[in-house]
Enquirer: 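Quick one: this structure, given as structure tokens, is what I'll be asking you about.
Quantities reported herein were computed from a predicted structural model and do not represent experimental measurements.
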Amino acid sequence: MFDVEPIIADHKDVIHDVVFDYYGRRMATCSSDQTVKIWDEDDQGKWSVTSSWKAHSGSIWRVSWAHPEFGQVIATCSFDRTASVWEEVMGEKVTTVTNSPSRRWVRRTTLVDSRTSVTDVEFAPKYLGLLLATASADGIIRIYEAPDIMNLSQWPVQHEIPNKLSLSCLSWNTSTYMVTQLLAAGSDESATPTGKVFLYAYSENARKCVKIETVNDITDPVTDVAFAPNAGRTFHMLAVASKDLYIVNIRGATDSTGAGKLELQTLKFSEHNCPVWRVCWNMLATMLISTGDDGCVRIWRMNYTRQWKCAAVLKAEGSGPTYEPNPTTPAALATTAAATAKYYKKGTIGNQVPWH
């Protein structure tokens with residue numbers, strides 16, 4: 001079962017992003033009110049704001065947590081054409097009674113290379129070091145690196161990846177299988193009827209990140225992309241939020257000359273019946289969560305036939321979850337029953353029963 005617990009965020013405008021940290025005990029939110037809030041969960045499971053500050057002079061689109069190995073570090077990006085890196089530092093003690101130190105977030109650097117709105121920001125997987133990628137409406141992905149993790153004021157640009165279309169979102173792949181430093185980006189440009197999802201990887205020959213594939217099946221504006229964590233699969237999964245929900249399976253293959261290439265399989269899901277805004281995976285990539293203009297959060301699961309089905313719908317009003325789909329065919333009924341069946345203990349078979 002899924003429980004819906006509303007949280008009064010106290011933001012004065014639209015909230016654009018909500019991101020949990022590595023352990024899921026802290027949460028960061030950003031809004032068009034130009035502020036960022038940090039939330040902490042107590043032992044009773046209640047969330048409370050522990051830090052809040054004005055981070056930019058425009059709407060803040062995204063926020064990203066760095067791996068805790070690098071400390072308590074977040075990055076934000078904004079309509080004001082900048083991205084910022086923030087680090088939590090311990091201050092002086094608040095009172096002598098509680099003997100508890102205060103925490104505050106300090107801006108370590110401001111990245112001002114973009115000439116237009118910075119639409120997304122995301123830290124790279126830990127194995128790549130402290131890297132930060134930004135996507136901008138000018139169509140350029142910029143990858144920054146902190147050469148000294150003890151001095152987060154220096155973030156030189158390592159790569160600039162140009163694209164003909166404006167970019168709205170990006171996602172790092174956490175796995176090294178098949179391709180190293182695999183990065184996906186999406187575009188919300190609506191005038192050009194071409195593929196709107198692009199895959200990039202680091203080329204040893206060119207010594208830079210280059211575009212290796214375009215997902216031509218997705219031609220509608222894209223608002224979010226998210227790579228699934230790799231839990232031992234021999235392929236990658238990329239969730240895409242657009243006019244509909246898509247899951248792109250990325251497999252390795254070889255062409256007629258024996259050279260390696262990527263084989264793409266695109267799955268489409270239209271249950272939202274409206275534009276989809278955000279997608280994210282659980283840690284094992286067994287569940288996919290999507291949100292849309294219908295005001296609902298949909299939870300997707302893969303069944304025993306390896307098909308993704310909508311398992312539950314959580315409504316924003318806080319009412320209890322409803323379960324989908326509403327099957328009419330016997331096959332669909334059997335599939336749903338298998339996914340939602342509950343088993344109860346009716347008795348115990350003793351050792352006196354002979355083995356047949």
Enquirer: Salt bridge or not for Lys126 and Glu69, using N-O below 4.0 Å?
Expert: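 A salt bridge links Lys126 with Glu69.
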Enquirer: Are any of the side-chain nitrogens in Lys164 or Glu189 under 4.0 Å away from the carboxylate oxygens of its partner?
Expert: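 Salt bridge absent between Lys164 and Glu189.
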Enquirer: Would you kindly say whether Thr29 and Lys37 are connected by a side-chain donor-acceptor distance under 3.5 Å?
Expert: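 There is no such pair between these side chains.
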Enquirer: Check whether more than 12 heavy atoms from other residues, nucleotides or ligands sit under 6.0 Å from atom CH2 of Trp277, and answer yes or no.
Expert: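 Not more than 12 within 6.0 Å, no.
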Enquirer: What closest approach, in Å, do Thr76 and Trp86 show between heavy atoms, and which atom pair accounts for it?
Expert: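 Nearest heavy atoms, Thr76 then Trp86: OG1-NE1, 3.0 Å.
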Enquirer: Between His16 and Ser31, do the side chains contain a donor N or O and an acceptor N or O under 3.5 Å apart?
Expert: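 Side chains of Ser31 and His16: no pair found under 3.5 Å.
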Enquirer: Closest approach of Val157 and Tyr144, non-hydrogen atoms and distance?
Expert: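 Looks like CG2-CE2, 3.2 Å.
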Enquirer: Ignoring hydrogens and angles, state whether a donor on the side chain of Asp13 or Ser32 is under 3.5 Å from an acceptor on the partner side chain.
Expert: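 Side chains of Asp13 and Ser32: no pair found under 3.5 Å.
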Enquirer: Determine, for Tyr23 and Arg25, whether the Lys NZ or Arg CZ falls below 6.0 Å from the six-membered ring centre while staying within 45 degrees of the axis.
Expert: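 Because its charged atom misses either the 6.0 Å distance or the 45° angle limit, Arg25 does not stack over Tyr23.
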Enquirer: Angle between ring planes, Phe269 versus Trp300, binned at 30° and 60°: parallel, tilted or perpendicular?
Expert: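 Because their plane-to-plane angle lies in the 30° to 60° range, the rings of Phe269 and Trp300 count as tilted.
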Enquirer: What I want to check is whether the side chains of Ser117 and Trp61 have a donor and an acceptor closer together than 3.5 Å.
Expert: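 Side-chain D/A pair, Ser117 to Trp61: present.
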Enquirer: Taking it one step at a time, do Glu87 and Arg108 satisfy salt bridge (charged side-chain N to carboxylate O under 4.0 Å, His left out)?
Expert: CA-CA 7 Å; Glu87 184 179 19; Arg108 292 305 187 190; 2.8 Å; yes
Enquirer: What's the shortest heavy-atom distance between Ala228 and Asn173, and which atoms?
Expert: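 Ala228 and Asn173 have their closest heavy atoms at O-OD1, 4.4 Å.
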Enquirer: Could Arg115 and Asp138 be called an ion pair, given the rule that one side-chain N must be under 4.0 Å from one carboxylate O?
Expert: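 Between Asp138 and Arg115 there is no salt bridge, as every charged N stays at least 4.0 Å from the carboxylate O atoms.
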Enquirer: For the residue pair Trp53 / Thr35, report whether a side-chain donor-acceptor contact shorter than 3.5 Å exists.
Expert: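 Looking only at side-chain atoms, Trp53 and Thr35 do not form any donor-acceptor pair under 3.5 Å.
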Enquirer: Report yes if the distance between the aromatic ring centroids of Phe123 and His67 is under 6.0 Å, otherwise no.
Expert: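 Ring centroids of Phe123 and His67 are no less than 6.0 Å from each other.
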Enquirer: Is a donor from one side chain sitting under 3.5 angstrom from an acceptor on the other, for Gln158 and Arg142?
Expert: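 No, because no side-chain N or O of Gln158 sits under 3.5 Å from a partner of the opposite role on Arg142.
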Enquirer: Assign the ring pair Phe198 / Tyr200 to parallel, tilted or perpendicular, where the plane angle (0 to 90°) is split at 30° and 60°.
Expert: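 Judged by the thresholds at 30° and 60°, the geometry between Phe198 and Tyr200 is tilted.
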Enquirer: Ignoring hydrogens and geometry beyond distance, is a side-chain donor-acceptor pair present between Thr291 and Arg278 at under 3.5 Å?
Expert: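 Not at all, the side chains of Thr291 and Arg278 share no donor-acceptor pair under 3.5 Å.
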Enquirer: Give me the atom names and distance for the closest heavy-atom approach of Gly195 to Thr219.
Expert: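 Closest approach of Gly195 to Thr219, heavy atoms only: N-CG2, 4.3 Å.
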Enquirer: Can you find a pair of side-chain heavy atoms, one from Val279 and one from Val225, that are under 4.5 Å apart?
Expert: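 A side-chain contact under 4.5 Å is absent here.
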Enquirer: Side chains of Thr50 and Asp40: donor-acceptor distance under 3.5 Å anywhere?
Expert: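 Indeed, the side chains of Thr50 and Asp40 share at least one donor-acceptor pair under 3.5 Å.
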Enquirer: Which pair of heavy atoms, one from Trp281 and one from Ala226, lies closest together, and at what distance?
Expert: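 Shortest heavy-atom contact: NE1-O, 3.0 Å.
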Enquirer: Scan residues 284-296 for pairs that pass salt bridge (Lys or Arg N to Asp or Glu O under 4.0 Å), counting only residues two or more places apart or in two chains.
Expert: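 Qualifying pairs, neighbours excluded: Asp294-Arg298.
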Enquirer: Could you measure the distance from the CG atom of Leu170 to the CG atom of Asp224? Nearest 0.5 Å is fine.
Expert: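 Leu170 CG to Asp224 CG: 9.5 Å, rounded to 0.5 Å.
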